[in-house]
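Following: one structure in structure tokens, then a few remarks.
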Amino acid sequence: MYFIEEPEWEEGENHLEVKQTAEGVHVVVPHLRRDSDPKLRAELVSALIARENLRDFVIWYYTPMALPLATGLSPRAIVYDCMDELSAFKNAPPELAEREAELFRLADVVFTGGQALFEAKSACHHDVHAFPSSVDVPHFAQARTLHTEPADQQPLTHPRLGFFGVIDERMDLDLLAGVSAARPEWNLILLGPVLKIDEQSLPRAPNIHYLGSKSYRELPRYVSGWDVALLPFVRNESTKFISPTKTPEYLAAGLPVVSTSIRDVVRPYQALGLVRIADSVIRFVCACEAALAEAPAPRITRADRYLSQLSWDRTWANMRAHVDRVVERRALVKSESRLAASVVVRSSGSSANAGE
């Protein structure tokens, strides 16, 4: 697997840096000058494929903006893994919608990161399949038995209400500020980078704590010290189709979850009695109070029953089956085309000979 990252803009010679992880993934980082020709990235990728002698490969797109990178390549199949409605994000490139339309035309199969996104994209392609967020249950279930507090969270008193993930335009900052003001005795803990918004716009209060980015490995230790997990997303175009991976991760950690009415959280999680939904400050506070007061055992039993059906291994196995299917379909079409061309050539040759 070759995972091509966004470019690092710097002075010096344009080149690709290739690093191999312990799992065998080749992480490819383009190092480019800002004045370099946009076509250069595609040329570098083509050179990489030639250098590595990759003749039997599938191209897997996470964003339509990467479409030009594969110019001139001959993959066995093209997959579009549509994880979000990227055109609704802040500062989305104006050409994104046009490139997505082109990617729909080229792709052999399309995956979507949730049910709402599936319903939105199913009319754009003939072969679309929904793959909502899965979860590494054993990793997050560690939070149920861990008792060692991270140093930066240890001084905070209970109750603690936490969130981990990117803090950006999708976060309902007014809701956070309202909950903080309504219950100053609660500590709100937010883990993750602040992206695409001004840090000065974040609500500030003695009971709101921005602890910065944490590694995936560290998350269970932090979550183990929380009383309620939060999904405080604003409801607008940028969150209309999100399917937060955090939802099953919070549940695997054994936590009660309170969320705003994100469609892919309401269905299935609220419907199964696993998540409380509220949008206004008053109702969100009430939902958190109910989560703090509940007996956890019945909810954890329900959550574990649902989570037993989820795993990234199962998700990958299902995706792999679709990829294998379209690879075989492409190969069959190519074989039939060659056979038809061969028949035409032989037929033309026979006619010419007959004419002589």
Side-chain angles (χ1 to χ4, degrees), residues 5-10 34 63 65 83-94 96 149-216 218-219 221-223 225-247 249-250 255 257-262 265 277-288:
E5 293 274 16
E6 295 290 330
E8 298 280 347
W9 302 105
E10 56 191 42
R34 289 195 177 274
T63 169
M65 295 308 295
M83 297 298 292
D84 218 323
E85 184 56 82
L86 298 177
S87 61
F89 278 37
K90 187 176 182 179
N91 302 323
L96 193 150
E149 284 277 1
D152 54 351
Q153 184 173 279
Q154 188 173 6
L156 305 180
T157 58
H158 292 266
R160 297 168 175 168
L161 292 75
F163 167 89
F164 63 71
V166 175
I167 302 168
D168 58 15
E169 77 270 20
R170 295 172 295 175
M171 182 75 67
D172 192 333
L173 302 180
D174 291 336
L175 178 63
L176 283 176
V179 172
S180 165
R183 293 293 181 270
E185 69 277 17
W186 293 355
N187 278 302
L188 307 185
I189 300 168
L190 294 97
L191 311 179
V194 179
L195 300 177
K196 295 191 293 183
I197 58 173
D198 185 353
E199 290 200 30
Q200 299 302 315
S201 67
L202 298 176
R204 303 286 178 177
N207 64 336
I208 302 180
H209 310 276
Y210 301 98
L211 302 186
S213 297
K214 307 299 176 185
S215 70
Y216 182 77
E218 292 177 291
L219 291 178
R221 287 184 61 217
Y222 281 89
V223 175
W226 297 355
D227 301 294
V228 179
L230 305 178
L231 293 168
F233 291 112
V234 69
R235 292 172 298 152
N236 61 21
E237 286 301 308
S238 69
T239 60
K240 187 175 181 181
F241 301 109
I242 64 172
S243 179
T245 309
K246 287 172 279 296
T247 316
E249 292 173 344
Y250 288 159
L255 288 174
V257 182
V258 179
S259 173
T260 52
S261 55
I262 299 303
V265 177
I277 300 294
D279 290 312
S280 69
V281 171
I282 293 175
R283 291 184 177 181
F284 205 89
V285 167
C286 289
C288 290

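FYI, the numbering just counts along the sequence from 1.
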Any donor and acceptor pair, going by atom type alone, linking the side chain of D168 with main-chain N or O of L195 inside 3.5 Å?
no
Any side-chain heavy atom of I167 sitting closer than 4.5 Å to one from Y210?
yes
In terms of heavy-atom contacts, V285 and A182 come closest through CG2-CB, 4.0 Å
Side-chain contact test, heavy atoms from C-beta onward, threshold under 4.5 Å: evaluate it for S259 versus T247 and give yes or no.
no
Taking atom NZ as the centre, does K214 end up with more than 12 heavy-atom neighbours from other residues, nucleotides or ligands that are less than 6.0 angstrom away?
yes
Residue pair M65 / P93, side-chain heavy-atom distance below 4.5 Å:
yes
With a 4.5 Å limit on heavy-atom distance, are the side chains of V265 and P244 in contact?
yes
Which distance, rounded to the nearest 0.5 Å, do you find between the CD of Q153 and the CD of E218?
11.0 Å
To the nearest 0.5 Å, how far apart are CD1 in I242 and CZ in F233?
4.5 Å
Between Y216 and F164, is any pair of side-chain heavy atoms under 4.5 Å apart?
no
Of the non-hydrogen atoms in E185 and P159, which two are nearest, and what is the gap between them?
O-CD, 4.0 Å
With distance as the sole test, does T239 use its side chain to make a donor-acceptor pair with the main-chain N or O of V234 at under 3.5 Å?
yes
Less than 4.5 Å apart, side chain to side chain, heavy atoms only: is that true for L86 and T63?
yes
To the nearest 0.5 Å, how far apart are CG in D227 and NE2 in H158?
5.5 Å
Test item: N187 side-chain N/O and T157 main-chain N/O as donor-acceptor pair under 3.5 Å
yes
Verify the neighbour count for atom CD of E6: are there more than 12 heavy atoms of other residues, nucleotides or ligands below 6.0 Å?
no
Would you say L231 and T260 make side-chain contact, with heavy atoms under 4.5 Å?
no
Only one of D172, L175, D279 forms a side-chain contact (heavy atoms from CB on, under 4.5 Å) with F284, so which one is it?
L175
